[in-house]
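Everything numeric in this text was worked out from a predicted model, so none of it was measured.
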Amino acid sequence: MDNKAIYKKTIGFSLWRVLWDFLAAVAFFGMAAAGFVIADKATNYGLVGLGIGAILGAIASWLILHFIGYTYKAGQIAMMTKGVVEGKLPEDTIAEGKKVVKERFSTVAAYYFVTGAIKGIFNQIGVGITAIGEAIGGDTGGSIGSAISAVINTIIAYLCDCCLGWVFYKKDESATKATLEGAAIFFKHGKTLLKNLGRIFGISLISFIVIGGVFFGIAYLILQAFPDAMAALQSEITQLFTENGEAVPEIFQSVLAINLTCSAIVGIIFWSMLHSTFVRPFILVGVLRNFINSGKDEKISESDMAELDKKSKKFAKLHAKA
């Protein structure tokens with residue numbers, strides 16, 4: 001199976017993921033809006049209600065994505081790995097993906113332990129690389145450090161998914177040992193795996209402009225339809241800053257500014273949601289194929305592990321346990 005065929009066969013996971021992401025977003029925005037309206041009418045302190053509603057909405061969103069959404073993301077990576085390695089996929093990829101995830105990670109805690117370990121390893125190494133730019137000093141060093149950090153964080157996200165794919169591939173090994181191997185493979189074949197960087201950033205930029213722009217426009221039109229509510233919000237924000245003796249930031253100085261700010265936030269949130277569920281998996285298939293193929297015939301030695309021990313305390317700790 002080529003990358004396009006694997007993506008099409010696993011797109012069902014993306015559809016389920018976007019549904020749960022949408023419900024999580026609705027829970028967040030719905031509770032925040034309800035909190036503002038209720039508090040504004042009952043006590044005239046809408047911002048307090050907005051804050052309380054946003055907190056409750058964030059908790060509800062986290063619960064949805066933590067306990068349900070993860071199954072579809074992990075299942076998609078499991079089936080992508082199967083397609084890359086075996087060259088074929090079952091008819092019901094959703095059911096098979098859920099089954100594989102349940103077999104590999106019997107509990108939610110086991111899944112998050114492994115993914116947490118993967119992120120911890122790459123994040124620690126990423127921080128070390130970013131420090132090189134910051135060590136230059138001055139504004140230039142800070143800018144270089146920030147740019148490197150943004151690139152590293154993007155790479156880390158893909159490497160974490162590839163490492164998770166390796167855990168599914170090495171089903172006869174413990175998840176911890178497979179995690180360590182996956183990290184070691186990247187550092188032995190980094191140049192091969194990073195050849196997808198142009199594709200990663202190019203497609204991501206296009207999706208940000210298109211998807212983010214569309215939802216920015218939709219949100220702006222919706223907010224324009226509720227001028228009284230937005231005027232009340234702007235008035236409360238102005239009063240809050242004035243009472244504290246502070247100048248009102250430009251993004252809150254008018255209803256138009258608030259509309260634009262809120263629309264931008266909505267655009268970014270929905271871009272992030274749709275990009276991660278539809279665009280990212282398309283990119284990931286190719287990166288995952290490179291990752292799996294580069295490590296298939298690789299024998300990871302103790303010296304390879306020891307070399308990575310020096311770069312990440314998280315890796316060294318897991319290595320000692322394994």
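- Residues that satisfy the side-chain hydrogen bond (donor to acceptor under 3.5 Å, both in side chains) test with Lys9, not counting sequence neighbours, are absent from this structure.
- Arg199 forms a cation-pi arrangement with Phe282, by the criterion of a distance under 6.0 Å to the ring centre and an angle within 45° of the ring axis.
- Residue Glu250 qualifies as open at atom CD: its count of foreign heavy atoms under 6.0 Å is 12 or below.
- Glu103 pairs by the side-chain hydrogen bond (donor to acceptor under 3.5 Å, both in side chains) definition with nothing, not counting sequence neighbours.
- Between the Gln76 side chain and the Phe13 main chain, no donor and acceptor come within less than 3.5 Å of each other.
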Below 3.5 Å, can you tabulate the donor-acceptor pairs from side chains in residues 94-102 to any protein atom, sequence neighbours excluded?
| unit_1 | atom_1 | unit_2 | atom_2 | d |
| --- | --- | --- | --- | --- |
| Lys98 | NZ | Tyr72 | OH | 3.2 |

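- Between the side chains of Ser235 and Gln239, not a single donor N or O lies within less than 3.5 Å of an accepting N or O.
- Checked against salt bridge (Lys or Arg N to Asp or Glu O under 4.0 Å), Glu307 has the following partners two or more places apart in sequence or in another chain: Lys310, Lys311.
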Atom pairs and distances, donor-acceptor, side-chain atoms in residues 49-64, under 3.5 Å, two or more places apart:
| unit_1 | atom_1 | unit_2 | atom_2 | d |
| --- | --- | --- | --- | --- |
| Ser61 | OG | Ala24 | O | 2.6 |
| Ser61 | OG | Gly57 | O | 2.9 |

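- Nearest approach of Arg17 to Pro281, heavy atoms of both residues: NH1-CG, 4.2 Å.
- Partners of Phe168 by ring-ring contact (aromatic ring centres under 6.0 Å, His included), not counting sequence neighbours, listed by chain and number: Phe105.
- Using a 30° and 60° split on the angle between ring planes, His66 and Tyr112 fall in the parallel class, below 30°.
- For Phe29, the ring-ring contact (aromatic ring centres under 6.0 Å, His included) test picks out no residue, with sequence neighbours left out.
- Of the possible donor and acceptor atoms, none in the side chain of Ser272 sits under 3.5 Å from a partner among the backbone N and O of Ile269.
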Could you give the side-chain donor-acceptor pairs of residues 175-186 under 3.5 Å, partners two or more places apart or in another chain?
| unit_1 | atom_1 | unit_2 | atom_2 | d |
| --- | --- | --- | --- | --- |
| Thr179 | OG1 | Ala175 | O | 2.8 |
| Glu181 | OE1 | Trp166 | NE1 | 3.2 |

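- Only one option out of Asn244, Thr238, Ile237 pairs with Phe241 in a side chain to side chain contact (heavy atoms under 4.5 Å, CB included); it is Ile237.
- Put simply, the side chain of Thr277 never gets that close to the backbone of Ser14: no donor and acceptor are under 3.5 Å apart.
- In this structure, Phe216 has no ring-ring contact (aromatic ring centres under 6.0 Å, His included) partners at least two apart in sequence or on a different chain.
- With sequence neighbours left out, the salt bridge (Lys or Arg N to Asp or Glu O under 4.0 Å) criterion links Glu86 to Lys82.
- The main-chain N or O of Arg289 is found under 3.5 Å from a side-chain atom of Asn293 such that the two form a donor-acceptor pair.
- Residues passing the salt bridge (Lys or Arg N to Asp or Glu O under 4.0 Å) test with Arg280 are Asp161, sequence neighbours excluded.
- Residues satisfying the salt bridge (Lys or Arg N to Asp or Glu O under 4.0 Å) criterion with Asp304, sequence neighbours excluded, are Lys188.
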